Amino acid sequence: MIRTRNAHAHFLRGFALLLFLAASSAVALADGETAPARDPKQPVDDAYTAKIHKYTTQPFFTSPLVDYLPASKTVPTPEAVLGDVAGAPGILPYAEDVYKYMRLLEKASPRVKVFSIGKTEEGREMIAVAVSSPENLKNLDENRARLAKLADPRTIKLDDAEADRIVAQSVPVYYITGTIHSPETGAPTALMELAYRLAVDESPYIREIRDGMITLITPVVEVDGRDRMVDIYRWHLSHPKDFYPPLIYWGKYVAHDNNRDAMGVTLKLTENVLNTYVGWKAQVLHDLHESVPYLYDNTAGDGPFNAWVDPILTDEWEMIGWRNVSDMTKFGMPGVFTHGVFDTWSPGYLMFIAAMHNGISRLYETFGNGGADTLPRTLDPEEYARTWYKQNPPLPKTLWSQRDNNNYEQTGLLTSLHYFNENKRLFLKNFYLKAKRSVTKPSAEGPSAYVLPVDDPRSGSQAELLRVLQKQAVEVSRATSAFSVTLPVKKSTKPKKDAKDAKESAAPPAPTTREFPAGSYIIRMDQPYSRIADALLDYQYWSPDDPQKTPYDDTGWTFGELFGVQVTRVTDTKVLDVAMERVKEIHAPAGVTGEGTIYAINNNAEPSLATLRYKLRDVSIEAAEEPFESAGKKFGRGSFLIRNANRSQLKDAISDLGLQATPVSAMPSVKTHPVRAARVAFVHTWLSTQAEGWWRIALDNLGIPYDYISTQVVSKTSDLNAKYDVILFPPVGFFSSPTAIINGLPSAWGNPLPWKTTPETPNLVGKNDSTDDMRPGLGWDGVANLQNFINKGGVLLTATDTSRFALSIGLADGVSVGNAQRMKIVGSVIGTRLVDGASPIAYGYDEKLSAYCDNGPIFSLSSVSGARGFRRLGNESHTRPTGRGTMDDPDFTVGRPGVEVPEEPKAEIWENPLLTDEQLHNNYRAIPPANRARVIFRYADSKELLISGLVEGGDEIAQHAAVIDVPTGSGHVILFSINPVYRGETRGTYSLVLNTILNFDNLNAGRKLADK
Ligand SMILES: [Zn+2]
């Protein structure tokens, strides 16, 4: 979650000196439980403790666990690096300083070990800090080997008694991750101090945690973003009276969505945390956030729960969540609760790595000030309202400090760790049981496997999908010989109409079998991490009647559909007996077969075709405009024809791209056009860079070069055509309005908001863009420049909100956008249909294409300039008016012979309406056929719209155009209602964008024009 604020003042430190409650004596304990309190014999660091009290704004914003700092003669406190205590006002350490401290701890204490766990996109280090007893740290490998057996029960033949023996000897691993969301700034200092406490405190409560378990800490998950945030904060401190720039970039590519990457594992931070979690065989992943007062433990969230998690886990959520609330309530800390608005449907959150790998996912939202200022904070009524799950709500108004936040974070974590340790046998056994139930999945709930056929025409995308599964630690196997499986009969939903139908349905249709060739990939479901594979490959259904009316995130994600590859869910357990071998590395079949002077590469809408084009910049490549056959092989539209290629150069270029080149004896007789390496500009705003960040990472991974420019640069570049052939303007996000894109941020008042590298802000820009002032938008000059660019032959590609923008300012004619009335498509997988397969944008695609849609704009077409297109809402109405006769009968007029009603030209929803004779009469507004919008894909019919997720009121967008090419001047505007590039999950629709780039100067190829 994120909370954005724009006004702030630098507020006083040391608001009031406070009395602290001796709450521990009031806490009732179960038999044998250790009191959560300091040992009276524990020496205390008085100076540090006094500062803790000074920076805590209310006596009840702390607990007996953190209202003092244990003293140590040898181990440095966080003050050694921070210059003050953790959570002190005005102090926000860079990741490097946090690491420096953790390494000081490691040097000073045998109870701390620091591990490097990988690098970020910008090359910064990520670490994990283990804190435990020296014995536990010495025996890490032995313990890990034991945990590995629980994590993979196949290694102990699913022997429960053996599992019990291992559980008794094992030390669990509790993994805590901080500040994945860069404006949520408190976790690093809280975790520095937590590590110190765990390392030095001799109170029984802490000692038990230290001796009984391993606490593993990644203090900064989004390291690139952390350093930017600290830059901004320091800028703010030195310009206390100015507004400071909002954190437009966090990581190199995405902002808040870094916590939505646990499905696709596109970002380094996800991969590094996933590898650490799985590698350590950890039991818990507890992720720290800061956007809800004062501690929302969303461990026990709201429904619907993810359908693929083990109910053992959902019970653990409740146990742990409510116990945590109870512990903190007893300390008298207000505003701690666990039930709330967060549903647990999507597995995209970082913490869900644990949920999908047989562990326990946890997440805290504490209360942050977006920096280290102490600020008066006023809450919304719903935030401070008392509810059944929030009996002790936060205060409507309070002074709040970073130290308060650190107190809550540390108190919550310490009680969590202690509770977990007290019950570690139970949780370790559950860890084993969840893994065992993952292994026995085929015979329990099923399915038995997913099969990806080796003859899938999109072998490159198939390989990418399999690599995602492998990143998720899923085992991938390959059949060593052909095999067949029995597929279940699909229940017919057709109503029985007459006796004949009834007789037919009396005999149940026979189950079908399906053959798969040798080499087909099998994802066995009898493996420990079957749940993540199942969750990614299965279909999702979110009922429009679900009591949860505000899905927290996407409702559908079926990876096979979004990658455009075939995935078969197999329930037949015999599939597990097929001869197969494990695959370590996935290699899509690739290479050059035979010798020749002309090579053909079939076009299956594989994104790697675009990679090839840019890799072989100097080689001339042509695209076939029609299908052809050569050397006994069939080639589709858009297939590449490469003349006079150097065979070894070609071979090298395609070997890792999953492409196959075949020599052909002569150029086919079909029409061709050159495929050129277009010069691409990639435009971003200074409003938000996240939605476009997913486009950037996709292009970077594919090796497609582009100039990354802001709307401000567009407004200053009068001749865009001199530099660019194609301008990509990906979604801004948050349904940004056209006015926001043009105007930018308010600039009639306030100070400039620089996004620049300066001595004060050394990390701000990184490898992204910079500006002296983030506020100006595209402006009207920018609009004019875009218009000129298109008129002079440029191609502008827009999607979702930027398509809306392009249409609302008249950059394309003949298309309008309607407002949905009832439609609710919340991040769903949607069916689309090919309308014009001859368009180069459609090269390689089939009739049906699944796409990601999040309440996309509803496009309607018109053949009359400036007119609103015909838009259908709801089911089609009947045409005849009220009158005499039956529905099919003609009406009459009394006293007059009947007249034939002239037939009006009719067009489908996605087609340009034909012009009537009346409209054609001197109509200077009539758009000539060549200037009309060309629809490439449309949304499927209402009944076939939903593939995965939630679709309500889908008839409003059904059949409407989804991808349109509008010829404008000498150029083109390409409009997407779907979002073709999203979160590393939609590889199947990437080529709609890439085809546009590759065929930028021949987009009219294959176009058939209407007669009038
Ligand atoms: Zn957050």
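For the single chain, residues carry numbers from 1 onward in sequence order. All values reported here derive from a predicted model rather than from experimental measurement.
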Flag the pair Trp308 / Trp345 as yes when their ring centroid distance falls below 6.0 Å, and as no otherwise.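 Close enough - the centres of the two rings lie under 6.0 Å apart.
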
Under 6.0 Å between the ring centres of Tyr408 and Tyr364? no

Check whether the side chains of [X] and [Y] place a donor and an acceptor atom closer than 3.5 Å, and report yes or no.
| X | Y | result |
| --- | --- | --- |
| Thr415 | Asp327 | no |
| Glu222 | His181 | no |
| Glu365 | Asn298 | no |

Write out all pairs satisfying ring-ring contact (aromatic ring centres under 6.0 Å, His included) with one or both partners inside residues 140-176, taking only residues at least two apart or from two chains. Tyr174-His286, Tyr174-Phe420

Checking Asp201 now: which residues fulfil salt bridge (charged side-chain N to carboxylate O under 4.0 Å, His left out) with it, not counting sequence neighbours?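 Partners of Asp201 under the salt bridge (charged side-chain N to carboxylate O under 4.0 Å, His left out) test: none.
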
I'd like to know if [X] and [Y] make a salt bridge, using a cut-off of under 4.0 Å between side-chain N and carboxylate O.
| X | Y | answer |
| --- | --- | --- |
| Asp553 | Arg260 | yes |
| Glu33 | Arg323 | yes |
| Asp152 | Arg154 | yes |
| Glu445 | Lys441 | yes |

Can you measure from [atom1] ([X]) to [atom2] ([Y]) and round to the nearest 0.5 angstrom?
| X | Y | atom1 | atom2 | result |
| --- | --- | --- | --- | --- |
| Thr177 | Ile217 | OG1 | CD1 | 10.5 Å |
| Asn259 | Ile180 | CG | CD1 | 4.5 Å |
| Asp310 | Arg531 | CG | CZ | 5.0 Å |
| Leu576 | Ser477 | CG | OG | 10.0 Å |

side-chain contact (heavy atoms from CB on, under 4.5 Å) partners for Asp211, two or more places apart: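 Checked Asp211 against side-chain contact (heavy atoms from CB on, under 4.5 Å); matches are Ser133, Arg207.
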
With sequence neighbours excluded, tell me which residues meet side chain to side chain donor-acceptor pair (under 3.5 Å) with Ser170. none

Please enumerate all residues that pass side chain to side chain donor-acceptor pair (under 3.5 Å) together with Asp160, with sequence neighbours excluded.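 Tyr432, Lys436.
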
Is it the case that over 12 heavy atoms from other parts of the model lie below 6.0 angstrom from the NZ atom of Lys268? no

Please check if atom NZ in Lys390 has more than 12 non-hydrogen atoms from other residues, nucleotides or ligands closer than 6.0 Å.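 Atom NZ in Lys390 is packed in, count exceeds 12.
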
Throw together a table of side-chain donor-acceptor distances under 3.5 angstrom for residues 348-359, partners on residues two or more places apart or in other chains.
residue	atom	partner	partner atom	Å
His357	ND1	Ile353	O	2.6
His357	NE2	Gln472	O	2.7
Asn358	OD1	Ser438	OG	2.9
Asn358	ND2	Pro528	O	2.7

Would you check if the side chain of Ser443 reaches a backbone N or O of Thr440 as a donor-acceptor pair within less than 3.5 Å?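 Answer holds: yes.
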
What do the steps show when you test Glu475 against Arg524 for salt bridge (charged side-chain N to carboxylate O under 4.0 Å, His left out), and what is the final call? CA-CA 8 Å; Glu475 297 167 1; Arg524 303 177 65 103; over 6 Å; no

